A.B. asks: 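Supplied in C-alpha cells, the structure appears directly below.
Every chain is numbered from 1 and lettered A, B, ... according to where its sequence line falls, protein lines coming before strand lines. What you see below is based on every heavy atom in this structure, not just the backbone, and it leaves out hydrogens, waters and symmetry mates. These figures come from a predicted structure and were not determined experimentally.
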Amino acid sequence: MNKIIRLLFFFFFSCLQLIARSQSQVEMADNFRGEGKIYVVIMVVLLLLGGIFFILFRFDRRLSQLEKQIEDKK
Amino acid sequence: MKYLIKVYWWKPLTVILLIYTVIGGFLMSAPRLPILNETIRILHFHVPMWFGMIIMFTFSVFYSLKYLSTKNLVYDLYASQLVNIGIMFGVLGIISGMIWANFTWGEPWSNDPKQNASVVALLIYLALIILRGSLQDDHHKARIGAVYNIFAFAVLIPLLFVLPRMTDSLHPGNGGNPAFGQYDLDSDLRIVFYPAVLGWTLLGFWIATQQIRLASLQKHLDYE
C-alpha cells in the first residue's frame, strides 16, 4: 500500500514538473520585464490615457457651460 | 442615457477602470500560451472593443424602439449617436484584430468567418449613417433610421454569434466551441478582462453622452 502511494506521488509530481517545464518553454518577454522596461511602456500608455481623459473632462466642462448659457437665455 | 448625462460618478470610475486595465493588463501574470506568447494581453484591449460595440448597438436598438413608440426625437438622437460610437468601436476592433492576427495567424486578413462577418456587419451599419444623412426631415429620418437600426441589429446577431460558429474559425470559441472555455480565458485574465470591458464600454458611453449633448446644443441654436 505504502509503495503504491509513493509511486502515485512520484507519478503526480513528475507530471507536474513536466507541465511546468512545457509551460516555461513558451517564450515570453521575461527579459524585457526583468529589466524593468515594461514600466516605461506602462508610463507612456498611462500618459496618453491621461491626455485623453483630460480632453474628455475639459470638453464635459465646456458643454456644461454652454448648456447653462442656453438655460439662462430662456 | 438621460441618467448618465445627468450624473457624474461614473466618469472617475471609467478613469480608474482603464488605468487598472493598463497596469493590470501589462503587469499581472498571463498564461504562457504557444503562438500567442505575450500578445495574449491584447485580449484586454481588442475584445472589449467588440463588447463595447455590441452594448452600444443594443442600447441603440432600445432607443430606436422607444422612439417608434413615443415619437420623441430625443430618443432618436440617443440611438443615432450610440450607433456612431458602436461603429467607432467596431472599426478599432477590426484594426486591432488585424494587427494581432498579423503576429499570430501570419497575416492580417485570413478570411476568417468572424472577420468577414464583422466587416459585413459594419458595412450594414455604415449604410445606416448614409441612409440617415440622405433624408431631410427630422421625423422622417428618425423613423426610417429606427426601423433600419432594428433590422441591422437583427442581422448583426447571427452574423457575429451564429454563423462563425457553424464553420471552422481561427477565433477562439468558434467552430462549435463555447466562447469562454477554460482554456482560452483563465482566471488570471478574467480579473483584468471584466473590468476592462466595463471601462472601455463606459468610455464609449462617455463619448456618446458628449456627442448627444453637443448635438442637442446645436439643435437649440438651429431653432432659435
A.B. asks: Check each atom of A:Leu49 against the heavy atoms of chain B and say whether the ones under 4.5 Å are side chain, backbone, both or neither.
C.D. replies: side chain
A.B. asks: Identify which part of A:Tyr39 has an atom lying under 4.5 Å from any heavy atom of chain B, answering side chain, backbone, both or neither.
C.D. replies: side chain
A.B. asks: A:Ile38 versus chain B, heavy atoms under 4.5 Å apart: side chain, backbone, both or neither?
C.D. replies: side chain
A.B. asks: More than 12 foreign heavy atoms under 6.0 Å from CZ of A:Phe57: is that the case here?
C.D. replies: yes
A.B. asks: Between the side chains of B:Arg132 and B:Asp76, is the shortest nitrogen-to-carboxylate-oxygen separation below 4.0 Å, so that they form an ion pair?
C.D. replies: yes
A.B. asks: Testing the 3.5 Å rule here: is there a donor-acceptor pair between the side chains of B:Asn84 and B:Gln211?
C.D. replies: no
A.B. asks: Ring centres of B:Tyr125 and B:Phe57 under 6.0 Å apart?
C.D. replies: yes
A.B. asks: Between B:Tyr194 and B:His44, is there a side-chain donor-acceptor contact under 3.5 Å, judged purely by atom types and distance?
C.D. replies: no
A.B. asks: Considering only heavy atoms and a distance below 4.5 Å, find which of A:Asp60, A:Val41, A:Ile42, A:Ile52 pairs most often with chain B.
C.D. replies: A:Asp60
A.B. asks: Give, as side chain, backbone, both or neither, the part of B:Leu27 having an atom under 4.5 angstrom from any heavy atom of chain A.
C.D. replies: both
A.B. asks: Side chain, backbone, both or neither: which part of A:Arg62 has an atom under 4.5 Å from a heavy atom of chain B?
C.D. replies: neither
